[in-house]
Amino acid sequence: MDPSFKKQEEIQGNYNRVLERIEKAARDAGRTPDEIRLVVVTKTHPVDMVKNVVEAGARDFGENYVEEAIPKIRALAENKTLRWHMIGHLQSRKAQLACEYFQYIHSLDSVKLAERLFRFALPMEKTLPVWLEFNISGEETKFGWNIKLEENWINILIDISKILQLPNLNILGLMTVPPFSDDPEVSRPYFRLLKKFQEFVIRQLNPSNFRELSIGMSSDFEIAIQEGSTCVRIGQAILGPRPG
């Protein structure tokens with residue numbers, strides 16, 4: 001059998017199984033599967049692998065690094081149905097490129113970055129949908145506002161208020177990455193705290209959107225769906241282990 005066909009067949013099977021698991025998790029939680037967007041994480045994978053996932057039916061792709069993503073985005077630019085999501089830490093100096101090449105940003109983690117994105121989105125006449133990133137665990141390797149202590153929440157509201165005033169940014173909701181564990185249940189309290197903070201912000205500021213949650217990866221996406229995820233970011237369960 002042609003190795004490329006075998007790889008395509010494997011990815012198609014993985015993709016279909018993930019969709020089935022998303023559907024079951026949603027229905028078990030009393031939700032409809034249409035509420036949940038699947039973003040396939042293609043970081044470190046070559047463009048041929050991305051093409052395999054497109055063939056399988058995916059349209060939303062997540063990348064962690066701007067420079068790595070741009071060649072893939074360019075290579076697939078003729079396909080206007082694809083949507084590219086920046087899901088990794090975004091440095092302020094990369095804000096212009098991110099505005100130019102990505103349709104969504106999941107990792108807006110400061111007022112400074114928000115102002116940079118606004119500054120570049122404005123002349124592009126682009127409204128950029130974004131999620132605000134939160135560091136719930138307090139891990140030094142994670143980025144975002146730390147909401148572990150509820151006494152910090154009022155101060156964080158000040159930053160969110162400033163970001164909500166930037167008209168070319170459409171704040172969809174919140175994102176977090178819990179500590180990695182082989183046990184998906186470990187993620188549940190982190191997802192619940194993020195949801196609790198989301199409800200706090202909605203009560204205090206009544207933003208027009210802010211209802212989405214970008215939570216859940218290969219190891220815990222079913223738990224995330226139970227806890228209200230509207231966007232799961234899945235790589236390994238579809239593409240297998242990352243190269244290198």
Side-chain angles (χ1 to χ4, degrees), residues 34-43 45 47 50-51 53-54 57-134 143-145 156-177 198 201-202 205-215 229-235:
D34 291 346
E35 296 174 31
I36 299 134
R37 183 198 301 261
L38 168 58
V39 174
V40 181
V41 179
T42 48
K43 65 177 181 180
H45 289 286
V47 68
V50 182
K51 289 177 180 177
V53 195
V54 173
R59 290 297 176 268
D60 290 272
F61 295 91
E63 289 282 334
N64 278 52
Y65 305 102
V66 173
E67 292 91 340
E68 181 194 333
I70 288 174
K72 300 178 195 178
I73 296 170
R74 286 175 173 167
L76 296 164
E78 288 187 8
N79 190 335
K80 304 300 182 185
T81 68
L82 305 187
R83 296 172 290 267
W84 293 90
H85 299 246
M86 179 64 193
I87 62 173
H89 176 60
L90 179 59
Q91 297 168 302
S92 292
R93 61 190 178 88
K94 308 281 179 62
Q96 183 171 4
L97 287 171
C99 276
E100 185 176 348
Y101 284 97
F102 288 88
Q103 281 78 48
Y104 297 89
I105 308 290
H106 290 240
S107 48
L108 200 169
D109 60 5
S110 69
V111 174
K112 177 186 175 184
L113 178 57
E115 290 172 343
R116 291 276 291 174
L117 290 169
F118 164 71
R119 189 184 313 163
F120 293 117
L122 190 61
M124 294 180 193
E125 298 183 344
K126 182 175 185 176
T127 297
L128 191 63
V130 301
W131 284 261
L132 304 183
E133 181 174 7
F134 292 86
F143 295 91
W145 289 271
I156 294 169
L157 273 184
I158 297 170
D159 283 356
I160 294 174
S161 296
K162 291 176 182 176
I163 295 169
L164 287 169
Q165 291 170 25
L166 301 172
N168 282 64
L169 299 184
N170 179 15
I171 315 301
L172 299 179
L174 296 73
M175 184 273 264
T176 196
V177 180
Q198 180 185 44
V201 174
I202 290 170
L205 300 178
N206 193 27
S208 57
N209 285 325
F210 217 78
R211 267 65 180 176
E212 293 201 24
L213 290 173
S214 174
I215 53 175
S229 176
T230 61
C231 184
V232 293
R233 312 180 304 272
I234 299 176

Check: H45 main-chain N/O paired with K72 side-chain donor or acceptor under 3.5 Å: yes

Audit row: K94, E67, salt bridge (Lys or Arg N to Asp or Glu O under 4.0 Å) steps and yes/no: CA-CA 9 Å; K94 308 281 179 62; E67 292 91 340; 2.9 Å; yes

Heavy-atom pair of closest approach, residues I163 and S110: CD1-O, 4.2 Å

Heavy-atom check, side chain of V201 versus side chain of L157, under 4.5 Å: yes

Nearest heavy-atom contact between C99 and A121 is SG-N, 3.9 Å

Are more than 12 heavy atoms from other residues, nucleotides or ligands located less than 6.0 Å from atom NZ of K112? no

Proximity of F102 and W84 rings by center, below 6.0 Å: no

How long is the gap from CD on E100 to CD1 on I70, to the nearest 0.5 Å? 7.0 Å

Nearest heavy atoms of L113 and A95, plus distance in Å: CD1-CB, 4.3 Å

Within-4.5 Å side-chain heavy-atom neighbours: S107 and M175: yes

Do L82 and F61 make a side-chain contact, defined as non-hydrogen atoms from C-beta onward lying under 4.5 Å apart? yes

Can I156 and F134 be said to form a side chain to side chain contact (heavy atoms under 4.5 Å, CB included), step by step? CA-CA 10 Å; I156 294 169; F134 292 86; 4.1 Å; yes

Taking the inter-plane angle between the rings of H89 and F143 on a 0 to 90° scale, is it parallel (under 30°), tilted (30 to 60°) or perpendicular (over 60°)? parallel

With side chain to side chain contact (heavy atoms under 4.5 Å, CB included) as the criterion, how do L205 and F210 come out once you've worked through the C-alpha distance, each side chain's angles and the decisive distance to 0.1 Å? CA-CA 10 Å; L205 300 178; F210 217 78; over 6 Å; no

Are the side chains of F120 and K126 in touch, meaning some heavy atoms are under 4.5 Å apart? no

Any donor-acceptor N or O pair under 3.5 Å, side chains T81, N79: yes

Would a 4.5 Å heavy-atom cut-off, applied to side chains only, mark I160 and W145 as touching? no

Main-chain N/O of S214 paired with R233 side-chain donor or acceptor, under 3.5 Å: yes

Here the gap from E63 atom CD to H106 atom NE2, rounded to the nearest 0.5 Å, amounts to 12.0 Å

N209 side, atom CG; N170 side, atom CG - distance, nearest 0.5 Å: 4.5 Å

Taking L213's backbone N and O only, do any of them form a donor-acceptor pair with T230's side chain (distance below 3.5 Å, no angle check)? yes

From CA spacing to verdict: side chain to side chain contact (heavy atoms under 4.5 Å, CB included), L117, L90: CA-CA 10 Å; L117 290 169; L90 179 59; 4.1 Å; yes

After noting the C-alpha distance and the side-chain angles of T176 and L174, does the key distance pass the side chain to side chain contact (heavy atoms under 4.5 Å, CB included) rule? CA-CA 7 Å; T176 196; L174 296 73; over 6 Å; no

Side chain to side chain contact (heavy atoms under 4.5 Å, CB included) test vs L128 passes for just one of I171, L169, N168, namely L169

Report yes or no: does R116 contribute a side-chain atom to a donor-acceptor pair with the main-chain N or O of S92 at less than 3.5 Å? yes

To the nearest 0.5 Å, what is the distance between CG (D159) and CG (L132)? 9.5 Å

Taking the side chain as everything from C-beta on, heavy atoms only, tell me whether R211 gets closer than 4.5 Å to L172. no

Taking all atoms of both residues into account, what is the closest heavy-atom pair of E68 and K43, and its distance? OE2-C, 3.3 Å

Taking all atoms of both residues into account, what is the closest heavy-atom pair of N64 and M86, and its distance? O-CE, 3.0 Å

Give a yes or no answer on whether the side chain of E133 reaches the backbone of G88 with a donor-acceptor pair at less than 3.5 Å. no

Angle between ring planes, W131 versus H85, binned at 30° and 60°: parallel, tilted or perpendicular? tilted

